[in-house]
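This report refers to the structure that appears directly beneath it.
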Amino acid sequence: QVQLVESGGGLVQAGGSLRLSCAASGRSFSYYAMGWFRQAPGKEREVVATISGGGAGTAYADSVKGRFTISRDNAKSTVYLTMNSLKPEDTAVYYCAARSTGAVSLNPSDYTYWGQGTQVTVSS
């Protein structure tokens, strides 16, 4: 069982940066691939970025590639999402999720554990 708590969201001007953090409880953090997803009002939840259990493999949505970076510190049981060059269309609730295997997946349905989300609002 994994408990996830996101932090770091807020209001930022277009072109600015934020770093989101997701702290995980439990002793098996390094076994789980982790993902960041987002959901805007009226939209389906979509993948932002994912990272393999060991941290060597990453995958990104085309819309954020080159702007966002996912990373993890397994010693701290924490995954991060560094967001640069933010755009108004990045506005959404951002969720951290854990998969029960270590392999990266871009499909939200493959993730077992979810945090409560943190709001990111980018003003124009």
Side-chain angles (χ1 to χ4, degrees):
Q1 188 77 11
V2 177
Q3 305 290 329
L4 305 172
V5 180
E6 303 97 333
S7 62
L11 176 65
V12 64
Q13 189 175 6
S17 299
L18 285 173
R19 188 180 77 164
L20 306 183
S21 298
C22 174
S25 65
R27 296 178 293 176
S28 300
F29 180 73
S30 64
Y31 289 111
Y32 302 122
M34 301 293 295
W36 285 99
F37 300 82
R38 66 187 182 188
Q39 189 166 22
K43 304 289 187 179
E44 293 186 352
R45 190 169 298 183
E46 64 177 358
V47 68
V48 176
T50 64
I51 188 166
S52 62
T58 59
Y60 297 89
D62 288 342
S63 60
V64 307
K65 194 172 297 182
R67 299 189 297 121
F68 292 9
T69 302
I70 189 170
S71 60
R72 67 193 295 162
D73 186 340
N74 285 344
K76 296 181 178 180
S77 296
T78 302
V79 63
Y80 305 95
L81 184 69
T82 302
M83 304 184 293
N84 297 317
S85 301
L86 283 161
K87 304 174 181 179
E89 52 262 45
D90 295 318
T91 296
V93 177
Y94 283 70
Y95 297 91
C96 175
R99 194 183 185 195
S100 59
T101 72
V104 166
S105 172
L106 300 179
N107 189 344
S109 66
D110 287 339
Y111 290 78
T112 304
Y113 306 104
W114 293 83
Q116 296 185 53
T118 184
Q119 177 71 47
V120 172
T121 303
V122 184
S123 64
S124 60

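Everything numeric here is computed off the predicted structure, so don't read it as measured data.
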hydrophobic_cluster_shared for Leu81 and Val2, side chain cutoff 4.5 Å: yes
Heavy-atom pair of closest approach, residues Val104 and Gly57: CG2-O, 3.7 Å
Lys87 and Asp90 ion-paired at < 4.0 Å: no
Short side-chain to backbone donor-acceptor contact, Ser63 and Ala61, under 3.5 Å: no
Trp36 side, atom CH2; Thr69 side, atom OG1 - distance, nearest 0.5 Å: 13.5 Å
Minimum heavy-atom distance Ala103-Ala33, with the two atoms named: O-CB, 3.3 Å
Working for side-chain contact (heavy atoms from CB on, under 4.5 Å), residues Arg38 and Val64: CA-CA 12 Å; Arg38 66 187 182 188; Val64 307; 4.0 Å; yes
Geometric cation-pi criterion, Arg45 with Tyr95: 6.0 Å, 45°: yes
Trp114 ring center near Phe37 ring center (under 6.0 Å): yes
Joint hydrophobic cluster, Val93 plus Leu18, side-chain heavy atoms closer than 4.5 Å: no
Derivation and outcome, side-chain hydrogen bond (donor to acceptor under 3.5 Å, both in side chains), residues Tyr32 and Arg99: CA-CA 5 Å; Tyr32 302 122; Arg99 194 183 185 195; over 6 Å; no
Separation between CG of Leu20 and CZ of Phe68, rounded to the nearest 0.5 Å: 8.0 Å
Audit row: Val12, Met83, side-chain contact (heavy atoms from CB on, under 4.5 Å) steps and yes/no: CA-CA 11 Å; Val12 64; Met83 304 184 293; over 6 Å; no
Gap between atom OG of Ser77 and atom CE of Met34 - 0.5 Å precision: 9.5 Å
Enclosure of Tyr31 OH (heavy-atom neighbours >12, cutoff 6.0 Å): no
Criterion side-chain hydrogen bond (donor to acceptor under 3.5 Å, both in side chains) on Asn84 and Ser17, from CA distance to verdict: CA-CA 4 Å; Asn84 297 317; Ser17 299; 2.9 Å; yes
From CA spacing to verdict: side-chain contact (heavy atoms from CB on, under 4.5 Å), Val79, Ile51: CA-CA 9 Å; Val79 63; Ile51 188 166; 4.2 Å; yes
From CG (Asp73) to OG (Ser21), nearest 0.5 Å: 10.5 Å
Donor-acceptor pair, side chain of Arg72 and main chain of Phe29, under 3.5 angstrom: yes
Sidechain-backbone polar pair: Gln13 side chain, Val122 backbone, donor-acceptor under 3.5 Å: no
Point-to-point distance, once rounded to the nearest 0.5 Å, from OG1 of Thr50 to CG of Asn107: 11.0 Å
Donor-acceptor under 3.5 Å (Tyr60 side chain, Ile70 main chain): yes
For the student: nearest non-hydrogen atoms of Cys96 and Leu4, plus distance: O-CD1, 3.6 Å
Heavy-atom donor-acceptor pair, Glu6 side chain to Gly117 backbone, under 3.5 Å: yes
Separation between OH of Tyr94 and OG1 of Thr118, rounded to the nearest 0.5 Å: 10.5 Å
Donor-acceptor side-chain pairing of Asp110 and Ser105 below 3.5 angstrom: yes
Candidate pair Tyr111 and Ser100, rule side-chain contact (heavy atoms from CB on, under 4.5 Å), full reasoning: CA-CA 7 Å; Tyr111 290 78; Ser100 59; over 6 Å; no
